[in-house]
Amino acid sequence: MEKRVILFPKPLLETSDITVELLGFDKLIENVRYYFILPNYLENVNNEECEMQTIGHFTRTNCQTCVEHKEPNVLCITKINGNLNASLFPGLLENVVLVIYEPSRLYDYGTFLTYEGDSQFICFTILAKWLCSIKDEQEHNHVSKIIVFQRFIKYLLIILNVLINSFETDVMQLTLLRLMFFKHILGVLKNYLWIIESLVHNKHTLSKAKAINYLMSCICDALFGITFLYLLNITFVSSNELFSYISSISHEVIKVLQGILQWLMGSPAGLKLNDPLNSLLGTCFLYLVNLWWSFLVICRPFLELTFQVYVFIGVFGLSYQIAILEDVLMVVSFHVHCIYTYAAWLYNLQRTSLLILAKLFIGRSCNPQPGRSMSYTTQQLYVGTMSFAILLFLLPTTLIYYIVFVVMRIIIVMTRGILIRLRYVLQILPVYTTLMWFVKSCSSSGIIKMNIVSNTNSNTVVLNMTVVADSWWATIKHYLPDSVKRPSTVSWLALTKRMCTGKIINPI
């Protein structure tokens with residue numbers, strides 16, 4: 001036997017008309033038939049997802065039509081002496097659940113749509129989507145009259161698409177997009193394109209709220225950027241002075257790195273290292289450091305001009321300045337990355353070779369071809385044993401250099417990871433969402449609350465549905481912009497494993 005649930009709009013109860021026609025549709029979901037009734041002020045709206053039709057009537061007196069059974073299979077809802085009763089002839093509906101909802105609380109209902117897979121909420125999900133689509137259709141009909149605005153949006157979309165396509169060419173991917181600053185600009189252009197499509201073409205209220213939230217975060221980002229530049233102007237007279245300060249810091253870092261390498265070439269912490277290998281590694285790494293510093297000195301005029309341009313563009317927001325800082329950090333620490341790469345390659349080569357040669361001491365046989373095996377020859381055992389001994393005694397020297405530079409690499413990678421996540425936070429600042437949540441807006445609603453309405457002398461169970469705000473964190477997560485790429489989750493176990501095995505540690 002089918003159960004029946006009637007979703008009845010509250011404005012119909014407040015109308016002064018004695019009899020009102022009920023427009024809507026019914027739907028059977030898991031042996032429960034739902035009757036969705038449309039508010040009377042949305043009668044002229046056409047919805048493609050469901051066919052609107054007259055499914056019954058609401059009256060404040062005894063319905064003579066239903067008493068005389070003149071109209072079969074028509075829903076009749078009566079309100080007499082404050083009691084609501086629902087019936088469907090032929091046969092009286094017994095134990096019907098009548099849910100009274102407020103349409104204005106469901107128009108911008110967004111967060112609750114995440115529960116679509118739950119059957120107990122499916123009726124409210126359908127109702128919320130239905131009302132949202134109706135409201136969006138009305139707004140679209142109003143906006144479509146503004147032809148000039150549509151043309152402006154059309155040309156703006158063309159310009160943004162051209163810029164994005166020019167950035168995504170192979171030449172740009174191999175040159176400018178190696179820098180985080182230009183990657184950030186490309187991401188911002190894609191976000192602007194997504195905002196325009198969400199506000200103009202997308203009819204979903206949730207997408208519009210996400211776009212507005214991103215716009216608010218962009219405004220806050222710009223304010224933070226201007227404030228930070230103002231503080232820099234107070235501390236430093238000009239951008240040249242700031243560049244000189246950064247250059248002096250870079251010079252100090254070079255001197256510290258040279259001191260560390262000279263310390264390693266001696267007897268670090270009293271350890272007795274292999275003198276020839278220690279001298280070779282120290283000399284090569286010192287040469288790389290000096291070579292990189294000479295390159296920076298030669299390119300100083302070009303770097304200074306580039307830095308001034310970067311600082312000027314940093315007015316657009318603090319996230320741009322963080323992207324600039326990431327590029328500065330990458331340039332300043334490039335020599336450390338090169339030395340770390342060489343040290344990691346040498347350590348990984350020695351570790352792998354030792355693991356392979358260790359099979360000599362556990363009785364393994366060589367397998368030149370699949371399915372065949374033969375014992376090692378005396379010459380192979382001799383060469384393998386000598387190679388194992390040489391690599392084993394050279395390993396402490398390589399390991400010392402690797403430990404020092406892998407620690408530097410970890411510090412640089414973690415610093416860049418913090419800057420990347422800070423830039424991501426600035427792009428998704430939940431300013432608009434938090435304001436909606438504080439003012440208890442319908443858009444931040446996420447929980448359905450049911451209250452039983454006293455309905456004596458009636459077989460109809462009447463429930464008053466109210467929508468309350470979800471938690472602040474749940475609302476924040478639901479309104480995150482779709483176009484902003486979230487930083488990948490860091491696997492500390494995988495990071496530790498790569499560090500111990502000598503594999504290159506990528507930015508996190």
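Along the sequence shown, residues are numbered consecutively beginning with 1. Every heavy atom of this structure was used, including side-chain atoms; hydrogens, water molecules and symmetry mates were not.
Between Y340 and Y402, the ring planes lie parallel to each other; the angle is under 30°, not in the 30° to 60° tilted range.
Within the 4.5 Å cutoff, no side-chain heavy atoms of Y347 are placed close to those of V406. In this structure the side chain of R351 reaches within 4.5 angstrom of the side chain of T501, judged on heavy atoms. The shortest side-chain heavy-atom distance between S483 and K190 does not fall under the 4.5 Å cut-off. Residues M180 and D327 are in side-chain contact: their nearest non-hydrogen atoms beyond the backbone lie under 4.5 Å apart. Here the side chains of M436 and I212 are not in contact, with every heavy-atom distance at 4.5 Å or above. Side-chain contact between L296 and V331 is present, with at least one heavy-atom pair separated by less than 4.5 Å.
Crowding of F388 atom CZ: a count of heavy atoms from other residues, nucleotides or ligands under 6.0 Å exceeding 12. Applying the 6.0 Å contact sphere to CZ of F224 captures no more than 12 heavy atoms from other residues, nucleotides or ligands. Counting heavy-atom neighbours within 6.0 Å of I158 CD1, excluding the residue itself, gives a total above 12. Around CZ of F316, the count of heavy atoms belonging to other residues, nucleotides or ligands within 6.0 Å does not exceed 12. Annotation: Y342, atom OH; neighbour count of heavy atoms from other residues, nucleotides and ligands within 6.0 Å does not exceed 12.
The backbone N or O of K503 sits nowhere less than 3.5 Å from a side-chain atom of N348 that would complete a donor-acceptor pair. Panel note: side chain T341, backbone H337; a donor-acceptor pair is recorded below 3.5 Å. Looking only at distances, a side-chain donor or acceptor of N191 sits under 3.5 Å from a matching main-chain atom of G187. With hydrogens and angles disregarded, a donor-acceptor distance shorter than 3.5 Å links the side chain of Q321 to the backbone of G225. R409 places a side-chain N or O within donor-acceptor distance of the main-chain N or O of I505, the cut-off being under 3.5 Å. When atom types are taken as modelled, the side chain of N213 and the backbone of T433 share a donor-acceptor pair closer than 3.5 angstrom. Checked by atom type and distance alone, the side chain of S387 never pairs as donor or acceptor with a backbone atom of G384 at under 3.5 Å. Side chain of R423 to main chain of L419: no donor-acceptor pair is present (N/O by atom type, distance under 3.5 Å, no hydrogens or angles).
Residues Y479 and Y432 place their aromatic rings such that the two centres sit no closer than 6.0 Å. Proximity of the aromatic rings of W292 and F295 is defined here by a centroid distance below 6.0 angstrom, and this criterion is met.
Screening E252, E304, R300 against S247 for a side-chain hydrogen bond (donor to acceptor under 3.5 Å, both in side chains) leaves a single residue, R300.
Minimum interatomic distance between T283 and S279 (heavy atoms only, all atoms of both residues): OG1-O, 2.7 Å. Listed here is the closest heavy atom pair of H184 and A323: CB-CB, 4.1 Å. For V413 against P507, the heavy-atom pair with the smallest separation is CG1-CA, 4.0 Å.
Atom CG of L357 sits about 11.5 Å away from atom CD of Q350, to the nearest 0.5 Å. Expressed to the nearest 0.5 Å, how far CD of E326 lies from CG of L179 amounts to 11.0 Å. With rounding to the nearest 0.5 Å, the separation of CG in L281 from CG in L286 is 11.0 Å. Distance check: L160 CG to N165 CG gives 10.5 Å after rounding to the nearest 0.5 Å. Rounding to the nearest 0.5 angstrom, the gap separating the CG atom in L480 from the OH atom in Y214 is 13.0 Å. Annotation: the span from L349 atom CG to T398 atom OG1 amounts to 9.5 Å, rounded to 0.5 Å.
Using a 3.5 Å distance cut-off with no hydrogens or angles, the side chains of N274 and T397 do not pair a donor with an acceptor. For the residue pair N278/Y401, the side-chain donor-acceptor check at 3.5 Å is satisfied.
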